[in-house]
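Letters go in sequence order (proteins before strands), and every chain restarts at 1. Keep in mind that the numbers below use all heavy atoms, side chains included, and drop hydrogens, waters and symmetry copies.
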Amino acid sequence: MGSGLLKRDFFDRPSHEVAPDLLGRILVHGPVAVRLTEVEAYGLPGEDPASHTFRGPTPRNAVMFGPPGHLYVYFTYGMHFCANLSCLPEGMGCGVLLRAGEIVSGLSQARARRGVAVSDRDLARGPARLAVAMGFDRAHNGLDACSGDGELVLLEGESPSAIRSGPRTGVSTGADTPWRFWIDGDPTVSPYRRHVARRR
DNA sequence: GTGCAGATACACT
DNA sequence: GTGTATCTGCACG
């Protein structure tokens, strides 16, 4: 049925191989569990201009340069957190952004965290919303999803019926790389938006 | 459903 | 100082 835990070597691959494999998996944090329906892969230093690791290690992206299977939480736009899972062995900085999912457990908790009145399908529809629904913030940066006894658990889940891929969302460079993956037809997948430069 | 505007603080140049 | 892997609310259809 797919209730087994994902092992660390699952993440010991390039992020664009891990990303589609992550779809349909269940990420559990405390009382809340989410079935991943949309993810984006981010590549290695010097190879992917859209990746936070493009210019090498910094204090912020250190987790992605650490061992695989750890949670990288970063703060952006002055008010949002987003969550990634690190890939490849220590020293190789890349990861997979968790873009959207379906809350399958802890619905009331997730709803309480979100605050705003939204439908179930919007609870974790978008990376910042997912982070809020799961309760991720700075304090969860570096959490291990593969330790087996940690507060973060990743289950096998069920294989999705159909996977699609396309350009990444919201990035100003490297948007042409088709490293966004989602479950075809799933209502919780966020609508595609291209990056728009902010006016002043 | 679409399309804006504005909010906000941090990391990095 | 500059740009951001975004969301919400409002307008409109």
- line: From CG of A:N84 across to P of C:dT6 the rounded distance in Å is 11 Å
query: Side chain of A:R114: nearest nucleotide among B:dT13, C:dC7, B:dA7?
result: C:dC7
message: Quick check for you: among C:dT8, C:dC7, B:dT8, whose closest atom lies nearest to any side-chain atom of A:P127?
response: C:dC7
- prompt: Where the side chain of A:S51 is defined as all heavy atoms beyond and including C-beta, which of C:dT8, C:dA5, C:dT6 is the nearest nucleotide?
  reply: C:dA5
- prompt: Does A:R125 make a side-chain N or O approach to OP1 or OP2 of C:dC7 shorter than 4.0 Å?
  reply: no
- line: Picking from C:dT4, C:dG9, C:dA5, the nucleotide nearest the side-chain atoms of A:L97 would be C:dA5
- request: Send over the distance from A:F54 CZ to C:dT4 P, rounded to a whole Å.
  value: 14 Å
statement: Per the under-4.0 Å heavy-atom filter, residues of residues 56-75 of chain A near DNA chain B come out as A:T58, A:P59, A:R60, A:F75
message: Between A:E38 and A:T188, do the side chains contain a donor N or O and an acceptor N or O under 3.5 Å apart?
response: no
- line: Closest to the side chain of A:R121, out of C:dG9, C:dC7, B:dG1, is B:dG1
message: With the stacking rule set at 5.5 Å and 30°, tell me whether A:Y77 counts as stacking on C:dT4.
response: yes
message: Run the side-chain hydrogen bond (donor to acceptor under 3.5 Å, both in side chains) test against A:N61 and tell me which residues pass, sequence neighbours left out.
response: A:T58
- request: Give a yes or no on whether the ring-centroid distance for A:F81 and A:F75 is below 6.0 angstrom.
  value: yes
- prompt: Do you see a donor-acceptor pair shorter than 3.5 Å between the side chains of A:H52 and A:Y72?
  reply: yes
